[in-house]
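Please read the structure below before turning to the comments.
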Amino acid sequence: MTVRRRAGLSVVVLLALAATGCSQVAAIAPVGGGREAEARFGVDDVLIAEHVDVLTAPVCETDPQGAIRCAGTTTEDAEIVGVVPPGDPAQLSVTVGGETVYSGSLQSVLDDAVRATP
């Protein structure tokens with residue numbers, strides 16, 4: 001393959017990637033893993049297991065101290081809060097309307113959700 005043909009092929013590939021749009025890249029991003037994604041999946045799994053009706057899905061962010069905090073709301077306008085502390089990233093606590101619905105191992109929540117999937 002000539003240099004000119006390779007360059008042309010590279011341009012075509014780059015244009016094709018650009019044409020797919022950022023939305024596809026954004027959709028793939030959570031699959032990557034990361035602590036925030038794991039926290040979000042854990043909070044979601046707890047909410048499903050506890051039959052919490054969600055209005056606004058929790059969004060997770062890492063604070064300056066390294067804790068991950070997730071916030072959302074229920075259909076009854078109760079606040080959903082999930083926290084993974086910085087010193088012990090294996091722990092997760094989830095409160096709904098100020099009431100603790102889960103406090104324990106993040107990995108256990110994720111594992112249980114996988115086992116429950118048919």
Side-chain angles (χ1 to χ4, degrees):
M1 193 179 278
T2 67
V3 173
R4 180 174 275 169
R5 184 176 260 171
R6 274 192 200 146
L9 183 58
S10 296
V11 169
V12 169
V13 169
L14 289 174
L15 288 174
L17 289 173
T20 61
C22 296
S23 63
Q24 289 181 349
V25 173
I28 293 172
V31 176
R35 291 185 63 228
E36 286 180 4
E38 287 180 351
R40 182 173 50 88
F41 294 145
V43 171
D44 290 348
D45 292 341
V46 167
L47 297 174
I48 290 167
E50 295 296 323
H51 307 288
V52 175
D53 294 324
V54 176
L55 177 63
T56 305
V59 174
C60 302
E61 296 180 344
T62 303
D63 70 17
Q65 292 76 34
I68 299 172
R69 300 189 185 281
C70 307
T73 56
T74 69
T75 55
E76 296 176 356
D77 206 32
E79 184 179 33
I80 299 168
V81 177
V83 178
V84 176
D88 195 357
Q91 294 299 304
L92 170 67
S93 66
V94 180
T95 60
V96 176
E99 199 173 309
T100 301
V101 295
Y102 181 80
S103 181
S105 168
L106 171 58
Q107 191 61 51
S108 291
V109 170
L110 298 173
D111 290 345
D112 290 347
V114 170
R115 281 189 217 105
T117 304

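Residue numbers start at 1 and run along the sequence shown.
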- Shortest non-hydrogen contact from Gly42 to Leu110? N-CD2, 3.7 Å
- Note on the structure: What one should report as the nearest heavy-atom pair of Tyr102 and Val46 is CB-CG1, 3.7 Å
- Item | Other cluster members, Val81 - Ile/Leu/Val/Met/Phe/Trp/Tyr, side-chain contacts below 4.5 Å | Val83
Given side chains that start at C-beta, do those of [X] and [Y] come closer than 4.5 Å, heavy atoms only?
X: Ile80; Y: Thr74; value: yes
X: Arg115; Y: Asp112; value: yes
X: Val94; Y: Leu47; value: yes
X: Gln91; Y: Leu106; value: no

For residues 55-64, tabulate all N or O donor-acceptor pairs below 3.5 Å that involve a side-chain atom, not counting sequence neighbours.
from	atom 1	to	atom 2	distance (Å)
Thr56	OG1	Thr73	OG1	3.0
Thr62	OG1	Glu36	OE2	2.7
Asp63	OD1	Gln65	N	3.0
Asp63	OD1	Gly66	N	3.0
Asp63	OD1	Ala67	N	2.9
Asp63	OD2	Arg69	NE	3.1

- Query: side chain to side chain contact (heavy atoms under 4.5 Å, CB included) between Asp111 and Gln107: does it pass, once the steps are laid out?
  - Reply: CA-CA 6 Å; Asp111 290 345; Gln107 191 61 51; 2.9 Å; yes
- Does anything in residues 43-54 pair up under side-chain hydrogen bond (donor to acceptor under 3.5 Å, both in side chains), and if so which pairs, sequence neighbours excluded? none
- Atom CG in Leu92, atom OG in Ser103: separation rounded to 0.5 Å? 8.0 Å
- CD on Glu79 to OG1 on Thr95, rounded to 0.5 Å: 7.0 Å
